[in-house]
Structures are given as C-alpha cells and as structure tokens.
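Encoded as structure tokens, the structure appears first; notes follow it.
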Amino acid sequence: MKLFEYQAKDIFEEAGIPVPKRKLIESASGLDEALSATGFPCVLKSQVLQGGRGKAGLIQFAKTGQEAAEKTGMLFSPEKNVRKILVEEALKIEKEIYLAITIDPVDCSALIMASSEGGMDIEEIALTKPDRIIKEKVNVFRSLMPYQARNIMFGLGLSGEAFKQGVKILTAMFGLFRKYDAELVEINPLALCGDGRLIAADGKFSIDDNASYRQKNFAVSRDHFSNDIEYEASLEGIPYLLFDGKIGLMCAGAGLTNTVYDLINHYGGSVSNYLEFGGPNYRKALEAMKFTLRSNPRVILIVTFGTIARADVMAQGIADAIKELKPEVPIVTAIRGTGEEDAAKILREMGLTPLSDTEDAVREAVRISEGGLK
Amino acid sequence: MSILINKKTKVLVQGITGGEGSFWTKHMLGLGTNVVAGVTPGKEGQSVEGVKVFNTVKHAVKETDADASVLFVPPAFAKDAAFEALSAGIKKVVIIAEGIPIHDAMEIRSAAMSEGAMVIGGNTSGIITAGEAMMGIFPYWIDRVYKKGDIGVMTRSGSLTNEVTAMLIKAGFGVSTLAGVGGDAVPCTRFAELLPLFQKDKKTRAVLMIGELGGTMEEEVADAIESKIFTKPLVAFIAGRTAPKGKKMGHAGAIVTAGKGTVDGKIKALEKAGALTAARPCLAGDLMKEALAR
C-alpha cells in the first residue's frame with residue numbers, strides 16, 4: 001500500500017526527519033487556518049498517489065491568501081481524485097538531493113540509492129546517467145552501518161552540519177524501512193536549503209501488502225483507488241481493474257488472467273474489467289460476478305485451470321451466481337483443473353456450453369463482444 | 001534422474017496436522033514421495049497418513065534423517081518455520097504459503113544463500129518430478145499436465161503452469177521436474193539458480209520457462225544462456241505483453257517499473273541469447289520441437 005505524502009511526512013517527523021511546516025486540509029474552509037501555520041509563500045500539494053504531480057499541475061505555489069484560495073478551489077476535484085490538499089511553507093531550496101531505500105531481490109539486501117541531482121528528472125537521470133546514482137547495499141541482518149551512511153553523504157558532496165544531518169536522516173529512514181515493512185522509502189527532493197538545513201520536501205512510502213496484518217496503523221481507503229468498484233473489490237480481497245472495453249474477465253490465477261488479457265488483445269477484443277478470483281478467493285464467484293457486471297460487459301469470459309481452486313467448486317459457485325444475479329449478457333467458460341468433469345456437467349445443466357481450450361473461449365468471447373450472435 | 005527431488009529424497013512436512021498439510025501429505029505419498037516425518041509443535045506422538053509427527057524439526061531430523069522440508073504453515077509463520085528447517089541442517093526447503101511479508105522473504109533468502117541452502121517459494125505449488133515424487137500441491141493425476149518426460153519446467157505461476165504445460169504435453173512431450181519459484185516479488189530461489197541443476201540433469205533435454213512481466217528473473221536467464229551456464233534448448237512463454245503500464249496486475253512480482261521488467265525487454269534479451277519465445281501458450285509445443293531440432 002502506498003502512503004500519501006502527508007502520511008509519509010507524519011512518519012518522517014515521528015522519526016526525527018525534518019519536514020516543512022504543513023497542514024492538511026480536506027476542504028477550502030480549512031485554508032485560512034493552514035495558511036496561518038505555514039505563512040507565505042506557500043505550496044498547495046494535491047494528495048494523490050500518482051507520480052509527476054508537478055508536471056501535471058497538481059502542485060501550485062501561492063504568495064497571497066487570495067491566490068492560495070483561488071488555486072485551492074481549482075485543485076480540489078473529486079473527478080481527479082483530489083480530496084485532500086497539503087498546505088506547506090515554500091522552502092528556499094539550493095540543491096535537490098534524491099534519497100531512497102528499496103529491496104534488491106537478487107542478493108536480498110536493502111538497496112540505498114542517492115543522487116545529488118534529485119528532483120523531477122531523477123528517472124531520466126537513472127536511465128541516461130546511471131553513474132550519477134550512488135548505491136549502497138545493506139545486509140538485513142547487519143543493518144545499516146555508520147560507514148555506509150558516511151559513504152552516501154560524502155558521495156553526495158555534503159560537509160559540515162549538512163553532512164551530519166544527512167547521516168541522521170538516512171539512519172532514521174532505514175529504521176522506518178524496517179519498522180514499517182516498507183517496499184520503498186523515498187525522499188525526492190531532500191532539500192538543501194539556503195540556511196544550510198536538509199528538509200524532506202516530498203515523501204514516498206510504500207508498505208508491503210503482505211505485512212498488513214502486522215502494520216495496522218494504515219489501511220487502504222477510497223482515496224487509494226480511482227473508482228468505487230476497484231475500492232469495494234479490494235475490501236473483498238479481489239484484485240480488480242476497471243477498463244472501458246467490452247469483455248468482462250473473471251479468471252483465476254494472476255498469470256493465467258494476464259495471459260487471457262493478452263489473448264483478448266491479440267484477437268482484437270477489449271476488456272471491461274480485470275478480475276482474478278483464484279487462490280483464496282475461489283469460493284467467491286458470486287461477488288466476482290457482481291463486480292464483473294458493474295463494468296457493463298457485453299460478454300463475461302471465465303477462464304480457470306486450478307488445482308486447489310477446484311473446477312467443480314468454481315463451476316457450482318458460478319451456477320449459483322447466475323441463479324441469483326440472472327445476468328443478461330452471455331457467458332463463455334473454459335473451466336479446467338481438479339474436478340473438471342463435474343464442472344462441465346454443472347455448467348451444462350445451467351444451459352452453458354463449457355469449452356476446454358483457452359483460445360477457443362477467448363475467440364468466442366471476442367466474437368460475441370463485437371456483435372456476433374451467441 | 002531429476003532435479004531437487006526424487007523417490008529417495010527424505011521429505012519432512014512442517015505443519016502436517018493442518019488441513020492442507022494432511023490433505024497434501026496423502027497425495028505426496030500417493031505419488032510415491034518418501035515422506036519420512038511431520039512436524040507440528042505440541043503434536044508429537046500422533047501420526048498423519050502413517051507418518052510420524054514430531055514437536056521440532058531438530059528431533060524429526062535426528063530420528064529420520066529427513067533432508068528436505070515442505071512447509072504448510074500460514075504466511076505469518078513461514079519465516080520461523082523456514083529458519084527452523086535451515087538451523088536443523090536441511091538444505092532444501094519449499095514454502096507453499098501465499099502472502100509472506102517481503103522483509104521476511106528477504107531474510108529467508110539471505111540466510112539460505114549464506115548457508116548454501118535452497119529455499120523455494122513462497123506463493124508456489126512447489127516442485128514435482130513427474131511420476132516419482134513431489135513437495136507441494138500438484139494434481140499429478142491430471143495426466144495432460146503432469147506426464148513423465150524429459151522437459152524441465154520452471155514457472156512463476158500456478159494456473160498458467162497447467163495451461164502452458166498442457167500445450168507441451170499435447171505436442172507429445174513430458175515433464176522431468178517442474179519447479180515453481182512462486183509469484184512473489186522476492187522469490188527465495190530465482191529462475192537462473194535452477195538452470196545449473198537442469199544443465200546437470202541427464203534426463204532433462206530442454207527447459208520450458210513460464211515467466212511474467214515484472215522483476216528481472218527472465219533477464220537473468222538470458223544472461224545465464226549468454227554466459228554458457230546453461231546450454232540446453234530453452235523455450236519461454238511470458239505473460240503480460242499487453243498489461244497496462246504501472247498497473248498492478250495481481251501478482252506482487254508483476255509490476256512494471258521504469259522501463260525494466262517489461263515483457264518486450266525480456267523477450268528481446270531471451271531471443272538475443274538464443275532462446276525461443278512463444279507469443280501464445282498454444283505455440284509452446286511446436287517451438288519446443290523446433291528448439292530440439294536445432
């Protein structure tokens with residue numbers, strides 16, 4: 001789960017990492033109080049999870065109360081998923097530093113990346129000038145050693161107070177990385193200000209979903225999703241993406257679902273939703289079909305090849321869902337795996353024609369979705 | 001021959017008294033697996049399907065010389081169970097659980113590497129040597145997938161493995177050993193680390209790799225072919241060609257980031273190294289024939 005900037009900064013503050021004076025507002029009515037905390041000039045930062053906010057115009061500067069009010073009114077937009085704005089003091093930045101900790105899955109160390117050329121173009125720099133990125137690998141059992149923090153901070157060209165502060169910030173970041181089961185902790189930019197202070201001007205923090213059982217401080221909210229259906233599906237634990245095509249996908253197994261998605265595109269079809277109800281969800285056919293129907297498909301395509309996710313259990317679930325939901329759109333199935341003979345029998349009794357080959361099923365679904373007769 | 005597991009491997013089942021543990025112990029025995037012991041803390045003295053249960057791995061190993069362990073424990077306990085197996089000297093561990101925290105996986109892999117052990121998983125169906133033995137949850141009785149033969153299979157998926165392997169069998173091939181490295185972002189064993197084993201195995205003529213978008217495991221396989229660590233024919237199918245960028249499509253490992261991990265990049269790297277890549281699962285069988293005829 002990705003945290004919003006305001007959440008990341010609260011965590012940074014708790015760990016002693018300097019952050020700007022700031023106040024979160026959820027409507028324009030909170031603006032005056034926020035401005036009295038930040039002063040002018042200030043920055044108005046839309047709290048959305050997508051990157052590139054600056055380039056998308058979702059971050060605005062203001063020098064006066066009137067300007068701040070106008071721009072706040074412009075930024076708040078439920079359609080663009082902007083429901084919260086972080087009002088901050090504008091920093092006098094001399095230099096932008098990039099600092100991040102993530103996981104290196106190959107040698108299973110924590111990977112620290114830093115660059116003295118931080119800011120909006122860091123991804124470009126990573127691609128074109130990889131030598132400008134300083135790296136340090138941290139053994140998880142040995143943890144971050146002081147010499148490694150020094151390597152990074154000297155490497156960034158820091159000295160004096162800024163150097164000392166940099167070591168402290170990186171050490172605190174590493175503590176947070178481990179404490180909160182983070183996949184990514186990133187400060188970009190870490191601002192070196194005119195007065196010599198280092199301040200985390202932005203923050204990205206991503207917590208491993210598999211660790212949510214022991215990271216109870218944070219929960220996903222509607223703000224994490226671009227529409228209601230994806231949010232509600234996530235509460236059910238069902239991976240779901242909404243698209244604007246014609247075939248409602250109900251598949252089991254992420255790899256197989258990705259493959260069916262590819263095959264639909266290969267045969268010139270389009271997808272109205274991606275839904276995966278395998279693994280622990282294989283008894284949730286009813287919920288899966290409800291979510292699928294909400295994407296307004298012209299046809300539902302169900303493809304499975306399960307082992308633990310038994311074909312007969314899934315077929316029975318689908319039969320029960322059809323009885324309850326009475327979908328008006330045609331349903332194409334290729335349900336295979338453990339118990340597949342019984343599954344085919346159940347589906348035939350429902351008046352369906354079960355197929356056994358994935359590509360046959362995909363072609364049939366594409367044909368129907370493009371106006372062919374059932 | 002085979003890799004990782006055969007009829008002689010002395011298999012321990014951690015979490016043997018649980019629902020999944022006992023159910024799959026029955027089927028592992030059914031295939032012919034030499035399951036020598038089970039472990040569930042507090043249940044020593046019981047037996048499951050005729051297999052003796054011990055309180056600790058240490059005791060089980062002392063009594064039975066178990067040399068491999070398959071874990072049927074919930075994800076929150078996987079780290080403890082894996083470390084228990086490693087500390088008892090077991091060098092082959094399979095973790096079935098889906099949902100192991102990444103930091104735990106990082107510690108497990110890190111420890112396995114420094115101890116010269118191989119931990120496979122999590123989020124996997126396990127490993128199976130067709131017609132001989134398995135550590136995992138394979139419906140080996142489905143003959144159109146788990147037919148004995150001489151093609152090694154390595155995969156990140158479950159259902160997709162059935163789909164693609166069935167195409168291989170349909171084309172007349174069979175499977176030597178099938179190893180699932182799992183669908184997580186931090187698999188404890190990576191594809192390229194299985195290649196030296198398949199290279200050495202006389203019964204494996206070629207390898208089918210079932211990959212997916214995200215991560216760099218398929219690129220590492222290309223590197224291993226380029227540097228002649230693996231010289232047998234390799235055919236790959238990789239899912240997620242048309243996945244929208246930046247969207248998380250199910251598997252935690254399947255995330256496209258910053259130009260790396262795209263299916264296009266993987267295919268280019270593999271083909272440059274001399275591997276054949278199947279654009280669709282149904283082409284895997286014919287491509288395997290072509291690869292072997294070269």
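Below, chain A is the first sequence line, B the second, and so on; all start at residue 1.
- B:F237 touches chain A through its side chain: at least one heavy atom from C-beta onward sits under 4.5 Å away, while N, CA, C and O do not.
- Across A:I103, A:D181, A:V106, the residue that shares the most heavy-atom pairs under 4.5 angstrom with chain B is A:V106.
- For B:F77, the CZ atom counts as loosely surrounded, since its 6.0 Å shell holds 12 or fewer non-hydrogen atoms of other residues, nucleotides or ligands.
- Within the 4.5 angstrom heavy-atom criterion, only side-chain atoms of B:E220, from C-beta onward, approach chain A.
- Neither the backbone nor the side chain of B:A192 comes within contact range of chain A; no heavy atoms are under 4.5 Å apart.
- A:C108 has its side chain within reach of B:V186: a pair of non-hydrogen atoms, C-beta onward, lies under 4.5 Å apart.
- Between B:T242 and the choices A:N265, A:L263, A:I264, the side chain to side chain contact (heavy atoms under 4.5 Å, CB included) rule is met once, by A:N265.
- For a residue to count as touching a neighbouring chain, one of its non-hydrogen atoms must lie under 4.5 Å from one of that chain's; by this rule A:S212 does not touch chain B.
- With contacts defined as side-chain heavy-atom distances shorter than 4.5 Å, the pair B:R190/A:P105 qualifies.
- Closest heavy-atom contact between A:T259 and B:A239: OG1-CB, 3.3 Å.
- Contacts between A:D357 and chain B at a heavy-atom distance below 4.5 Å involve the side chain alone, from C-beta outward.
- You'll find the side chain of A:Y180 stays beyond 4.5 Å of the side chain of B:H103, heavy atoms only.
- Looking only at heavy-atom pairs under 4.5 Å with chain B, the residue among A:Q215, A:H266, A:Q50 that has the most is A:H266.
- Chain A forms more heavy-atom pairs under 4.5 Å with one residue of B:M113, B:R280, B:R241 than with any other, namely B:R280.
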Residue pair A:F305, B:L160: steps toward the side chain to side chain contact (heavy atoms under 4.5 Å, CB included) verdict
CA-CA 7 Å; A:F305 205 143; B:L160 181 61; over 6 Å; no

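- If you measure heavy-atom distances from B:V263 to chain A, you find no contacts under 4.5 Å at all.
- Top candidate by heavy-atom pairs under 4.5 Å with chain B, chosen from A:N139, A:V271, A:D262, A:L256, is A:D262.
- The environment of A:N217 atom CG is dense: over 12 non-hydrogen atoms of other residues, nucleotides or ligands sit within 6.0 angstrom.
- A pairwise comparison of heavy atoms in B:S159 and A:G253 identifies OG-CA, 4.1 Å as the closest pair.
- Minimum interatomic distance between A:G337 and B:I142 (heavy atoms only, all atoms of both residues): C-CD1, 3.8 Å.
- Shown here for B:P139 and A:T338, the closest heavy-atom pair between the two residues is CB-OG1, 3.8 Å.
- Taking every heavy atom of both residues into account, B:S157 and A:G255 meet most closely at OG-CA, 3.7 Å.
- Residue contact with chain B, scored on non-hydrogen atoms closer than 4.5 Å, involves the backbone and the side chain of A:R178 alike.
- For B:P101 against A:R214, the heavy-atom pair with the smallest separation is CB-NH2, 3.3 Å.
- Residues A:T358 and B:E163 bring a donor and an acceptor atom of their side chains to less than 3.5 Å of each other.
- Both the backbone and the side chain of A:F177 come within contact range of chain B, with heavy atoms under 4.5 Å apart.
- Looking at B:I137, the atoms closer than 4.5 Å to chain A (heavy atoms on both sides) sit in the backbone and in the side chain alike.
- Considering only heavy atoms from C-beta on, A:R336 comes within 4.5 Å of B:R144 through its side chain.
- For B:A76, the parts lying under 4.5 angstrom from a heavy atom of chain A are both the backbone and the side chain.
- Atom NZ of A:K2 has 12 or fewer neighbouring heavy atoms from other residues, nucleotides or ligands inside a 6.0 Å radius.
- A:D208 contributes a side-chain N or O that, together with a main-chain N or O of B:I102, makes up a donor-acceptor pair within less than 3.5 Å.
- Ring geometry for A:F141 against B:F83 counts as perpendicular: the plane angle is over 60°, on a 0 to 90° scale with 30° as the lower cut.
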